[in-house]
A.B. asks: 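Take a look at the following structure, please.
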Amino acid sequence: MSPSTRTAAGPLAGRPALLHSFLLSAADTAPDSPAVTEFVANDTVRTTTYGELRDLARTYAADLDALGLDIGDRVILESHTSAHAIALFLACSMAGLPFVPVSPETPDERLQTVMEATGAALHLQTENGTREHLPQQAGTARFGSGRLRVARRPRARTRRRTELCPTDTAYMIFTSGSTGRPKGVVMSHRAVVSFYRGMLSQGIVGPQDRVATTSPLQFDFSLLDIGLALGSGAAVVPVPRNLLRWPSRFLRVLADTGATQVNGVPSIWRQTLRHLPERLAGLTGIRGVLFCGEDFPLPELRELQRLLPQARLINCYGATESMAASFTDVPRPLPADLEKLSIGYAHPGAEMLLVDESGRLVDEPGTLGEIHLRTPALFTAYWDDPTASAAARVPDPAEPRSGQLVLRTGDLAYRGPHGELYFCGRVDSQVQIRGNRVELGEIERRLREHPQVAEAVVVLVERAADEPRLAACVVAQDRADSPDDGRLIAFCSRTLQPYMVPDEVHVLDAMPVSPNGKADRRVLAAQLAGTR
Ligand SMILES: Nc1ncnc2c1ncn2[C@@H]1O[C@H](COS(=O)(=O)NC(=O)C[C@H](N)c2ccccc2)[C@@H](O)[C@H]1O
C-alpha cells in the first residue's frame, strides 16, 4: 500500500469519537450478533450479544452515576477480560470515568502505588475477587451479577463537568517504566478511537469472526483485541489466563469457542508448538493470527505457518503510548533466507519517521534511526509526569516550528528497499561494552540461529568490582539436548565482532516473562547480578 493512497476515513468515518459509542455501533445494526463468547467449561460456552452488552453497560453506567463521581475521576478495574469487565469499561466510558485496568495477579503494593498515584475514586473487582486491604480513600464495589454491589461509597465530590469530550481520558495503562517507577499512559477517547479507525480500515477481521484474546486486561494488547472485534461487529473470545499455559486446554478453548482469529504475544505459542503441533494443525477454523510486543523467533514462526497454512499472520508493532503503530503481513511462505520480519509502514492515518542522533531525518535504506511516530492516537501524557511526557511527545522533526508533537518511541529501525521498516531493538538496549556500542538484539538473533536454541535473551550484567559482562540466557529446543556453552560462544564468534560475543551462557528451563507475557530482562539481569 503506497503512502499516497492511505487515508483513515472510509467506512468508519461516520462513527462517533467516544469509546463506548464507537465500540457499541454494532448494537444498533446487529443487536443479536455475538459480542463476547466466554469459555465456561469443556463443551460449554456463554455468549453475550451486542444488545445484551449495551444493556449491561447502561445498567452499570447508571449504577456508577448514582455514586456521584465527576467526569475525570479515576476508576480501578481489577478483572480478567470478560463480558462483564468489557461492559464495565464501556460503562466507565459512558460515565466519563477514566478506567485503569489491573490484573488480579497485581501485587497489593503495586496496586496501592497506582491507586495513590491516580487518586482513584473507586476500586471495582468481580463478585469472587480476592483483593483486600484497599486504600481507605477509595470507594469499593463488586460486579458480575449485572448490578454494582457497593461495599464503600466513594467520598462525596462536587460535580463540575456535564459534557464528555473526545479529548477526555478514556483509560490509563500503567507500564513498568525502564526506571522501575510505573508510568501511567493517559489515552483520550479521540486517541483510542482514531487508532481503532486506522486499524479497522485494514480489514483484519469481519462480523463472522471470533477474536481470541490472550493478553491480560492491564496490557493494552487486550484493548486492541476488544477494539478489533467489537469495532468489526465480531465476537471477543477471552482465553482464561489459567488455561493459557496448558497447550491442550488452550487449544480446547479455541476449538470449543470456534475462534477464527488468535491474538497474543509470541510466547503464547511456544508450548503448543513444542508439544501439540498436530492438534494445532487440526484447528482449520483459525484464519488469522496477530502477534506483537517482541520479535517472534523465526524458526517458531515458520512452524506456526506450516501448521496453519490457511491463516494470515500479522506482525503488529507499537507502544502503549499510541496503542500500536503498524500491522504487517508475514510473507507466505516465509522465505528460507529471511533474517528479519518487517514492521512495515504505519497504519493508515499515521506515519513513522526515522531520526538520527543529531535529530536529522533518515531516508536512506539500511541506515539506522530512531522511530518517531506521527499519529492522531498520541497519548495525552504520562500521568503526573510532565518531564517524562515532554521527553516522549517531541516536536515533529520534519517541521519543529509547526508545534505538532510526535511520539519518540525509543525504538531503532532501518528502512528496506521499498521504505518498509525493520525493528532493531531499543535505543536503551544499545549498551556500551568494552568501549563499543552493542545492540543486544543482534547477539540474540545470532543465538537463535543455533539449532539447539529456542529462545535467547542477552543482558548486560554489572557485578560489583567486575567489568560489565554480556550474559546469554537461552532456552534449549530440547531440554535433553542442551547447547554446550563453549560451542554456543564459538558459534557467535563466527559472525559477531569479538566485543559482542557473550562472556557467559546460562541455559534456563524457561524464560522469565513479565505479566504481559514478554521476556523479562530486568528479572534476568537481577538474577545474574547476584550469581558468579
Ligand atoms: N512487533 C514488534 N516487534 C518487535 N518489538 C516490538 C513489537 N511490538 C512492540 N515491540 C516493542 O515493545 C515496545 C512497546 O512495549 S509496550 O509499550 O509495553 N507495548 C507493547 O508491547 C504492546 C503494544 N502496546 C501493542 C499492543 C497491541 C498491539 C501491538 C502493540 C516497543 O517500543 C518495541 O520496543
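Hydrogens, waters and symmetry mates are skipped; everything else that's a heavy atom, side chains included, is used. Keep in mind that this is a model prediction, so the values were computed, not measured. As the structure lists them, so they are numbered: ligands from 1, and atoms in each ligand from 1.
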A.B. asks: Please state which protein non-hydrogen atom is closest to atom 25 (C) of ligand 1 and give its distance, to 0.1 Å?
C.D. replies: Met323 O, 3.2 Å
A.B. asks: With a 4.5 Å limit on heavy-atom distance, are the side chains of Glu339 and Glu449 in contact?
C.D. replies: yes
A.B. asks: Using a strict 4.0 Å cut-off to heavy atoms of Ala324, name the atoms of ligand 1 that fall inside it.
C.D. replies: 28 (C), 29 (C), 30 (C)
A.B. asks: Can you establish whether the number of heavy atoms outside Arg521 located under 6.0 Å from its atom CZ is more than 12?
C.D. replies: yes
A.B. asks: Taking Arg241 first and then Glu105, would you say they form a salt bridge - that is, a charged N and a carboxylate O separated by under 4.0 Å?
C.D. replies: no
A.B. asks: Hey, can you tell me if Phe327 and His347 have their rings parallel, tilted or perpendicular (30° and 60° cut-offs)?
C.D. replies: tilted
A.B. asks: Parallel, tilted or perpendicular: which describes the rings of Phe22 and Tyr196, with under 30° parallel and over 60° perpendicular?
C.D. replies: parallel
A.B. asks: Below 3.5 Å, N or O to N or O, backbone or side chain included: is there any such pair between Asp411 and ligand 1?
C.D. replies: yes
A.B. asks: For the CD1 atom of Ile204 and the CG atom of Leu290, what is their distance to the nearest 0.5 Å?
C.D. replies: 6.0 Å
A.B. asks: Just wondering, do Phe250 and Val262 contact through their side chains at under 4.5 Å, heavy atoms?
C.D. replies: yes
A.B. asks: Does Thr175 come within less than 4.0 angstrom of ligand 1, counting non-hydrogen atoms of the residue?
C.D. replies: no
A.B. asks: Identify the protein heavy atom lying closest to atom 30 (C) of ligand 1, giving its residue, its atom name and the separation to 0.1 Å.
C.D. replies: Cys292 SG, 3.5 Å
A.B. asks: Among all the protein's non-hydrogen atoms, which is closest to atom 8 (N) of ligand 1, and how far away is it?
C.D. replies: Gly293 N, 3.1 Å
A.B. asks: Parallel, tilted or perpendicular: which one describes the rings of Phe221 and Phe219, with boundaries at 30° and 60°?
C.D. replies: perpendicular
A.B. asks: Kindly identify the option in Gly517, Ala325, Gly318, Gly425 whose heavy atom sits closest to atom 9 (C) of ligand 1.
C.D. replies: Gly318
A.B. asks: Check each of Lys340, Arg426, Glu321, Lys518 against atom 12 (O) of ligand 1 and report the one with the nearest heavy atom.
C.D. replies: Lys518
A.B. asks: Counting only heavy atoms, which portion of Phe291 has something under 4.0 Å from ligand 1: side chain, backbone, both, or neither?
C.D. replies: neither
A.B. asks: Please determine whether any non-hydrogen atom of Phe219 lies less than 4.0 Å from an atom of ligand 1.
C.D. replies: yes
A.B. asks: With backbone taken as N, CA, C and O and side chain as the heavy atoms from C-beta onward, which portion of Phe423 lies under 4.0 Å from ligand 1: side chain, backbone, both, or neither?
C.D. replies: side chain
A.B. asks: Just jot down the ligand 1 atoms closer than 4.0 angstrom to any heavy atom of Asp295, in number order.
C.D. replies: 4 (C)
A.B. asks: Purely on distance, is any nitrogen or oxygen of Cys316 under 3.5 Å from one on ligand 1?
C.D. replies: yes
A.B. asks: Can you figure out which of Asn516, Thr320, Ile173 has its heavy atom closest to atom 19 (N) of ligand 1?
C.D. replies: Thr320
A.B. asks: Within this structure, what is the CG-CG distance for the pair Asn263 and Asp225, rounded to the nearest 0.5 Å?
C.D. replies: 4.0 Å
